[in-house]
Amino acid sequence: MTDTVTPRDIRKLKIEELKDFFVSQGDKAFRAQQVYDWLWIKSAKAFDQMTNISLETRELLSKHFVINHIKVDKMQRSEDGTIKNAVTLHDGLIVESVLIPTEKRITACVSSQVGCSLACKFCATARLKRQRNLSADEIYDQVAAIKEQAELFYGRPLTNIVFMGMGEPLLNYANVTEAISKITNQKGLGMATKRITVSTVGIAKMIMKMADDGVKFNLAVSLHAAIDKTRSSIMPINDSNSLTELGESLKYWYQKTKSKVTYEYVVWKGINDTEEHAYALLKFCKLVPSKVNLIEYNPIDDGEFKQASDQVLTMYMDLLERNGITCRVRKSRGKDIDAACGQLANKG
Ligand code: SAH
């Protein structure tokens, strides 16, 4: 009988497990580090690329393992330079990731789940039901692919990463944090943690866990309304996770991390465009040191939601700035290719 093994995905192994594998095969433990560098620093997609590993060892590896890797199947480029990638995962599911160039930065916007379970009324991703969490290496690969594109198309390094693609990162916390640790590791992409922002609908329990874990990346909360009734009407998560609970978790976050919170906020006509809403936002902002990004609305539907007028945005800005809260209007990028906030829905 020939001995057959079902190959496992080698990128799911921790370095210690890979060392154990080599030792169990009568080889040296240091081999694991060489292979790990190929996998995580050089993004090798096949064992044959590992040229400083002997042919015999490469054959042994191919007998026991596969390298599951994402494939960027389709790339679209916006007139403003934004690039959207349709990324095929090893099981054929698709997510999207986006490269956003500005004068000073190149930002990668990555997905954390296939689809999303949160049902925010204004977001196109909400229409794709959640199919599964992305694994740490699938998240890492999106960043590595955009890093390559930044160098190839813009001749500049990737500077920032935002978890603002498809899905809710805090509902896939373990894999998101594992990916971040590989992205920031010198034996990975070596990016600075302070250049990474995780954006969430604001799951209080998870924000407290992040605070306890002492994470060093930035936190952004998609607030959109600081009045419960309004927030619940557009973001169903608010029913079981009220603004009071969210506020308490943010106080805990600040107390533990001393890291400012960013609120993302879209102002819609007839939904949150009154002074009462602006004052409620101001009050919420005073809970912990914070700043506000007023995001331009990217229409995704037949007109249920409409961006409020410039006067309303100015009213919000004036009120916040007068009271010492930094507030910026964030223009959409990549709208023409459906790559802007809330537009990722695998339309291509
Ligand atoms: N689930 C996470 C990350 C994904 S969404 C979160 O909710 O934060 C990234 C940002 O885009 C969020 O602030 C979200 O509220 C916002 N967004 C969603 N749909 C949008 C739309 N149609 N126009 C503008 N911003 C939108």
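Counting convention: from 1, in listed order, for ligands and their atoms alike.
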Tell me whether Lys205 at atom NZ has more than 12 heavy atoms from other residues, nucleotides or ligands lying less than 6.0 Å away. no
Review item, side-chain donor-acceptor pairs of residues 288-298, under 3.5 Å, at least two apart:
unit_1: Ser290; atom_1: OG; unit_2: Cys285; atom_2: O; d: 3.0
unit_1: Ser290; atom_1: OG; unit_2: Val288; atom_2: O; d: 3.2
unit_1: Glu296; atom_1: OE1; unit_2: Ser332; atom_2: N; d: 3.0
unit_1: Glu296; atom_1: OE2; unit_2: Lys335; atom_2: NZ; d: 2.9
unit_1: Asn298; atom_1: OD1; unit_2: Ser332; atom_2: OG; d: 2.3
unit_1: Asn298; atom_1: ND2; unit_2: Cys341; atom_2: O; d: 2.9

For the residue pair Tyr316 and Tyr265, categorise the inter-ring angle as parallel (less than 30°), tilted (30 to 60°) or perpendicular (more than 60°). tilted
Here the side chain to side chain donor-acceptor pair (under 3.5 Å) pairs for residues 42-55, sequence neighbours left out, are Trp38-Asn52, Ser54-Thr57
Pairwise side chain to side chain donor-acceptor pair (under 3.5 Å) hits with a residue in residues 237-250, at least two apart: Asp228-Asn238, Arg231-Asn238, Ser232-Asn238, Ser232-Asp239, Ser242-Glu245, Glu248-Lys251
Check ligand 1 for N or O atoms under 3.5 Å from a protein N or O and list each pair with its distance.
unit_1: ligand 1; atom_1: 1 (N); unit_2: Gly167; atom_2: O; d: 3.0
unit_1: ligand 1; atom_1: 1 (N); unit_2: Glu168; atom_2: OE1; d: 3.1
unit_1: ligand 1; atom_1: 7 (O); unit_2: Ser222; atom_2: OG; d: 3.3
unit_1: ligand 1; atom_1: 8 (O); unit_2: Ser199; atom_2: OG; d: 2.6
unit_1: ligand 1; atom_1: 8 (O); unit_2: Thr200; atom_2: N; d: 3.3
unit_1: ligand 1; atom_1: 8 (O); unit_2: Ser222; atom_2: OG; d: 2.6
unit_1: ligand 1; atom_1: 13 (O); unit_2: Ser222; atom_2: OG; d: 2.6
unit_1: ligand 1; atom_1: 13 (O); unit_2: Glu264; atom_2: OE2; d: 3.1
unit_1: ligand 1; atom_1: 15 (O); unit_2: His224; atom_2: NE2; d: 2.5
unit_1: ligand 1; atom_1: 22 (N); unit_2: Phe122; atom_2: O; d: 2.9
unit_1: ligand 1; atom_1: 22 (N); unit_2: Asn298; atom_2: O; d: 2.9
unit_1: ligand 1; atom_1: 23 (N); unit_2: Asn298; atom_2: N; d: 3.0
unit_1: ligand 1; atom_1: 23 (N); unit_2: Cys341; atom_2: O; d: 3.4

Determine whether the side chains of Ser135 and Glu138 contain a donor N or O and an acceptor N or O closer than 3.5 Å. yes
